[in-house]
Amino acid sequence: MVRLHHLTVLLPFTTALSRDDEAPTAKRVAIIGAGASGSSAAYHLALYANEAAIPANITVFERNSYIGGRTTTVNVWENPSFPVELGGSIFVEVNHIMVEAAKRFGLSPASHNLAAQLELPDLGVWNGQEFVLVTRQEDGWWDKAKLLWKYGAAPLWTNRLMKSAVGKFLTMYDEPVFPWKSLSEAVEKVGLLETTGVTGEQFLKANGIGDLFAQEIIQASTRVNYASNLGYIHGLETMVCMATKGAMQIKGGNWQIFASMVNASSATPHLNTTVSTISKQQDSTYHLTLQSGETSTFDEVILAAPLQYTDLTISPAPKHTPDEIPYMKLYTTLFASPHLLDPVAFNLAPGSPVPQYILTTLPPTESPVDNAGSPGFYSISIHNVFPNSHSTPPRLNYVYKIFSPARIDSSFLSKIFGREISDSETEQGAVNGTISWIHHKIWHSYPREYPRVTFEEVVLDEGLWYTSGMESFISTMETSALSGKNVARLVRDGWIGARESEKGGDLWVEEL
Ligand SMILES: Cc1cc2nc3c(=O)[nH]c(=O)nc-3n(C[C@H](O)[C@H](O)[C@H](O)COP(=O)(O)OP(=O)(O)OC[C@H]3O[C@@H](n4cnc5c(N)ncnc54)[C@H](O)[C@@H]3O)c2cc1C
């Protein structure tokens, strides 16, 4: 087909398509946020654009000084050899985007068999009064038989329920569900609306899961993963908490997956750069204004962060503005200590080992609450053992993580270690103290996952996309990455659609 110069100028305005004798102009894409969703959007859009031979010029704006957003590490004693996850820590075997990206970028999983190394039970469920369950990695058939005796067939039924929910969710990765313009419709199509529309408690009851197993095991898992009791988290997110097979993390930090994605996309990352305004123009392009006052023009804008925390002004208001929704305010405390926890603080005999992971649940007498309840925290765990070369003499330190609904104070730390810890040590650590290093962080970690059957729109306006509606459905690194990939595919489909209609337009003009 030969295109005539004067005919092509009759075509509607487009930035990517021009005459065959000119190189097509690259599509200008802005991604706001370099967390899991924004990095994945950049990575997948670059792949899709390349496959479709559509030049794309992708710019990633990130207000933090690093890539990864809620997936980031901090360094114990500020030493880069000792990184610990501060946010998103674990992904699992069925998290295909994360697992494949780790392989593609040659990132190795961290090895984990600390409990055996420390000769501690690996997990205990504490209800504020007693450990209702303690497990050891090397548990044999006799201990498993004891679990069966305690909980009957509930673990097996729960496993089946979880597999069914995960199986439905996985159909969202492929056509005909993928890519979806409406998450609400996609969730309905895959048959998960009934599961997101009820609480975990209702879902488990309706499926005949015994109360004891729900309370002692499943709730311990919803508390450590989403800081929620079963009456305040939806059924699907409850099932996500039980999908633990092949749990892993990347050696040195999961953020490397997202940094590698941005790098592989050849996008230009602008760190320490806050976008303050998105403004739609007459020609349907967008002007993005940075906090510095600089403005640039884009054809597509992908908003890859919960709108309510972006401080963005969007003008004019888009067709759909995401609702402000309640997020969990989660206190994460990381610290190092040469000491193990005091068994007496957990009503164990002096000298007994305290499990490496202490999960929590409510005691049977306590009415359901929308907070941590009487245990006062969600979990305490040992994540690593590092040599503290700053102390005199140098000695090995355990690195702990606590999830709690309030700031950890000196009386709490004094209690769990059975020794006096001062306020200043609790705030800053003291290299020779019980707390040799400490880092306090408050996160808006994830939405309160209350039951719901509708989710925020993916397309906020023509050329304006949103990834964070996904978080009310399932909030994980993987699902954010999937949401970014979904938007990338929709953007590409839009470009291809425009190209096809341009071709149609050319034909039509030529035939005249
Ligand atoms: C303590 C904690 C534990 C967790 N544990 C797990 C876990 O074990 N497994 C798991 O899978 N998930 C876990 N998660 C959840 C997971 O980390 C998140 O779901 C995921 O990282 C969210 O990615 P995102 O890209 O959607 O959002 P974010 O990571 O929040 O990324 C959004 C980015 O946008 C940037 N931004 C916002 N506004 C602007 C602006 N105006 N201009 C420029 N940049 C802007 C922000 O700085 C941020 O970097 C955990 C989260 C927390 C906090």
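Whatever order the structure lists ligands and atoms in, that order sets their numbers, starting from 1.
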Enquirer: Hey, does the side chain of Glu457 reach the backbone of Pro322 with a donor-acceptor pair shorter than 3.5 angstrom?
Expert: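 No: the side chain of Glu457 does not pair with the backbone of Pro322.
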Enquirer: State whether Phe346 and Lys415 meet the cation-pi test: NZ (Lys) or CZ (Arg) under 6.0 Å from the six-membered ring centroid, and within 45° of the perpendicular axis.
Expert: no
Enquirer: Using a strict cut-off of 4.0 Å, indicate which atoms of ligand 1 neighbour a heavy atom of Gly35.
Expert: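 Close to Gly35: 25 (O), 29 (O), 31 (O).
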Enquirer: Just to check, does Ile32 reach to within less than 4.0 Å of ligand 1 when the distance is taken from its heavy atoms?
Expert: yes
Enquirer: Determine whether the side chain, the backbone, both or neither of Thr273 has a heavy atom under 4.0 Å from any heavy atom of ligand 1.
Expert: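 Within the 4.0 Å criterion, Thr273 contacts ligand 1 through backbone atoms alone.
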Enquirer: Does either side chain, that of Thr476 or that of Thr479, offer a donor lying less than 3.5 Å from an acceptor on the other one?
Expert: yes
Enquirer: Please classify the Ser483 to ligand 1 contact at 4.0 Å (heavy-atom distances, strictly less than): side chain, backbone, both or neither.
Expert: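 No part of Ser483 comes within reach of ligand 1.
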Enquirer: Do you know which of His383, Lys401, Gln249 makes side chain to side chain donor-acceptor pair (under 3.5 Å) with Ser89?
Expert: Lys401
Enquirer: Got an N/O contact under 3.5 Å between Thr310 and ligand 1?
Expert: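 By distance alone, the answer is yes.
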Enquirer: Is the backbone N or O of Thr73 less than 3.5 Å from a side-chain atom of Glu85, with the two atoms forming a donor-acceptor pair by type?
Expert: no
Enquirer: Please compare Leu312, Ile90, Val275 and report which has the shortest non-hydrogen distance to atom 9 (N) of ligand 1.
Expert: Ile90
Enquirer: With a heavy-atom distance limit of 4.0 Å, tell me whether Ser480 approaches ligand 1 through its side chain, its backbone, both, or neither.
Expert: side chain
Enquirer: Would you say Thr238's side chain and His234's backbone share a donor-acceptor pair under 3.5 angstrom?
Expert: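 Present.
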Enquirer: Answer side chain, backbone, both or neither: which part of Leu86 comes under 4.0 Å from ligand 1, heavy atoms only.
Expert: backbone
Enquirer: Angle class for the Phe386/Trp77 ring planes (parallel below 30°, perpendicular above 60°, tilted otherwise)?
Expert: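 Correct class here is perpendicular.
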Enquirer: Among the heavy atoms of Ala304, does any lie under 4.0 Å from an atom of ligand 1?
Expert: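 A heavy atom of Ala304 does come that close to ligand 1.
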